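The structure under discussion appears below in the form of structure tokens.
Since the structure is predicted, the reported quantities are computational estimates derived from the model, not experimental observations.
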Amino acid sequence: MGHERGGESRQEREQSEEKGRPNRREFLAGSVGALAAARINKKFGGLSSLSREGAAMEKAPTAAAPRRVIIDTDPGVDDALAILLALRSPELQVEAITPVAGNVPLEFTLPNALKLVEIAGRTDVPVAGGARHPLVRQLVTASHVHGNNGLAGVEFPEPKIKPVAESAPEMIRKIVKANPGEISIVAVGPLTNVALALRDDPELAAKIKSIVIMGGSLSGGNVTPAAEFNLYVDPEAARIVFDAGVPLTMVGLDVTRKVLFTDERLKALETAKNPSGIAAAKIMAATLEHLNRGPHPMIEAMHDPLTVANLIDPGILTLKNYYVEVETEGEFTAGETIGWAYGPARGSAPMALADKHEGSPVLATEENFKANARVAVEVDSERFFRLLLGRLTA
């Protein structure tokens with residue numbers, strides 16, 4: 001889009017990024033070192049508030065005390081509905097929206113976010129452009145699902161507002177540091193922006209109230225048999241986020257595959273008379289038409305709206321405590337999330353030539369096992385759609 005941030009042109013910024021961009025091994029080494037104090041990998045110094053068994057449920061926020069959130073996103077069809085849902089829900093106070101490259105490149109996700117806040121009449125919410133590419137990998141997009149512009153090809157007026165001067169990682173750090181313990185990050189795209197914010201300020205993790213992600217799966221992927229799309233795009237960023245020691249909720253394919261947007265639900269959405277609902281109906285009508293064109297028709301899952309909806313009504317999802325690791329080395333499994341519900345937890349067996357004192361496959365015994373995430377394992381689909389359609393059509 002040619003936007004400038006901080007007096008630096010896009011070309012200059014990209015050249016600077018590439019010049020200082022470490023290779024994969026260097027980046028991971030530096031990131032792990034920066035987060036060593038918070039790291040829970042191997043030692044399992046996880047969230048002390050999590051028990052080993054049972055579902056952990058959040059208390060519903062009240063209208064008098066809305067939950068303060070930053071939405072990190074790559075809009076994206078379902079991202080668009082998630083943003084509109086959040087902006088129409090008094091239970092949430094959206095502090096900023098931080099687009100990242102993912103479903104489509106940043107050249108689309110950034111203006112899409114600006115368009116959505118204008119449609120919702122919420123131009124008070126700042127939008128900060130984020131990462132154009134994953135930490136160490138080439139960008140893989142999902143335009144085959146979301147259309148070339150990310151909004152199923154639906155064209156909305158060009159935004160009148162501009163992104164703020166700060167980059168997305170800078171905006172995240174600024175808001176969190178000014179409000180320690182009060183801000184939750186709702187990340188519904190690749191986790192590049194969040195990882196950059198954590199990497200650049202190792203003290204930030206202790207100031208974040210929680211991170212809620214749409215991503216991962218304990219039951220197989222959607223972009224590969226192993227990996228869900230958001231974590232597949234940037235598994236190194238996901239590893240940093242999961243290892244940061246921040247209270248983490250993972251809303252993955254285990255539940256989002258169960259909230260499918262059907263023709264009947266489109267008819268209900270098309271009764272909307274407000275700008276947000278009308279825009280959402282146009283996007284979903286185009287999406288369903290696009291997905292039904294080919295030889296293998298698909299139904300769009302409401303991945304990102306479900307993640308936001310559970311912050312509004314925590315009764316929608318059932319959460320269970322897991323220790324989750326993100327695979328970054330696998331030739332065919334990069335981005336896969338592996339979850340242990342109890343110890344012992346084992347990694348890969350050591351190589352035959354490895355030192356016998358190194359590379360033990362036992363990461364944690366039953367005695368020192370601790371969870372690092374609450375994972376969504378069940379969903380009340382009808383309750384979710386009542387909330388989503390009710391808010392967008394009201």
Report yes or no: does N230 contribute a side-chain atom to a donor-acceptor pair with the main-chain N or O of G216 at less than 3.5 Å? no

Keeping the roles fixed (side chain from N179, backbone from I183), state whether a donor-acceptor pair exists under 3.5 Å. no

Under a 3.5 Å threshold, yes or no: a donor from one side chain and an acceptor from the other, between T271 and T393? no

Donor-acceptor under 3.5 Å (E327 side chain, E329 main chain): yes

Using the six-membered ring wherever Trp is involved, compare the ring planes of F369 and Y323 and label them parallel, tilted or perpendicular (cut-offs 30° and 60°). perpendicular

Donor-acceptor pair between S381 and R386 side chains, under 3.5 angstrom: no

Donor-acceptor pairs under 3.5 Å, side chain of residues 299-308 to any protein atom, not counting sequence neighbours: which ones?
from : atom 1 : to   : atom 2 : distance (Å)
H303 : ND1    : T256 : OG1    : 2.8
D304 : OD2    : D79  : N      : 3.4
T307 : OG1    : H303 : O      : 3.1

Can you tell whether the side chains of E158 and K115 come within less than 4.0 Å, N to carboxylate O? yes

Between R265 and F385, is NZ or CZ placed under 6.0 angstrom from the six-membered ring centre and within 45° of the ring axis? yes

Under a 4.0 Å threshold between the charged nitrogen and the carboxylate oxygen, would R68 count as salt-bridged to E182? yes

Under 3.5 Å, is there a donor-acceptor pair between the side chain of E91 and the main chain of L311? no

Checking S143 side chain against H146 main chain: does a donor-acceptor pair fall under 3.5 Å? no

Keeping to residues at least two apart or across chains, list the salt bridge (Lys or Arg N to Asp or Glu O under 4.0 Å) pairs with something in residues 333-343. none

Hey, are the side chains of T337 and M250 touching, using non-hydrogen atoms and a 4.5 Å cut-off? yes

More than 12 foreign heavy atoms under 6.0 Å from CD of E289: is that the case here? yes

Tell me yes or no: between the side chains of T192 and D234, is some donor less than 3.5 Å from an acceptor? yes

Inspect the contact between R137 and E236 and indicate whether a charged nitrogen and a carboxylate oxygen are less than 4.0 angstrom apart. yes

Which heavy atom in E378 sits nearest to a heavy atom in V255, and how many Å separate them? N-CG1, 3.5 Å

In the hydrophobic clustering that connects Ile, Leu, Val, Met, Phe, Trp and Tyr at side-chain heavy-atom distances below 4.5 Å, which members other than V223 occupy its cluster, ordered by chain and number? L139, V140, F229, Y232, V233

From CG (N321) to CG (N372), nearest 0.5 Å: 10.0 Å

Gap between atom CG of L85 and atom CG of L81 - 0.5 Å precision: 8.0 Å

State plainly whether the residues D201 and K177 are in salt-bridge range, i.e. N to O under 4.0 Å. yes

For the hydrophobic clusters of this structure (ILVMFWY residues joined by side-chain heavy atoms under 4.5 Å, transitively), does one cluster hold both L266 and L387? yes

Sub-3.5 Å donor-acceptor pair from the side chain of D72 to the main-chain atoms of V100, do we have one? no

Return yes if some donor-acceptor pair links the side-chain N/O of S89 with the main-chain N/O of L92 below 3.5 Å, else return no. no

Is it true that I278 and L389 fall in one hydrophobic cluster, defined by side-chain heavy atoms closer than 4.5 Å? no

Distance, nearest 0.5 Å, that separates CD1 of I213 from CG of L231: 5.5 Å

Check the surroundings of atom CG in D200: do more than 12 heavy atoms from other residues, nucleotides or ligands lie under 6.0 Å from it? yes

Lys/Arg-Asp/Glu bridge criterion (N-O < 4.0 Å) met for R383, D313: yes

Show your working on side-chain hydrogen bond (donor to acceptor under 3.5 Å, both in side chains) between S167 and R173 and close with a plain yes or no. CA-CA 10 Å; S167 69; R173 294 197 304 270; 5.9 Å; no

Considering only heavy atoms from C-beta outward, does the side chain of L151 approach that of I283 to under 4.5 Å? yes

With a 6.0 Å cut-off (strictly less than), is the heavy-atom count around NZ of K174, excluding the residue itself, greater than 12? no

Straight-line distance of L317 CG to R374 CZ, nearest 0.5 Å: 11.0 Å

Before giving the answer on side-chain contact (heavy atoms from CB on, under 4.5 Å), spell out for V127 and L110 the whole-Å C-alpha distance, their side-chain angles and the decisive distance to 0.1 Å. CA-CA 8 Å; V127 177; L110 177 54; 3.8 Å; yes

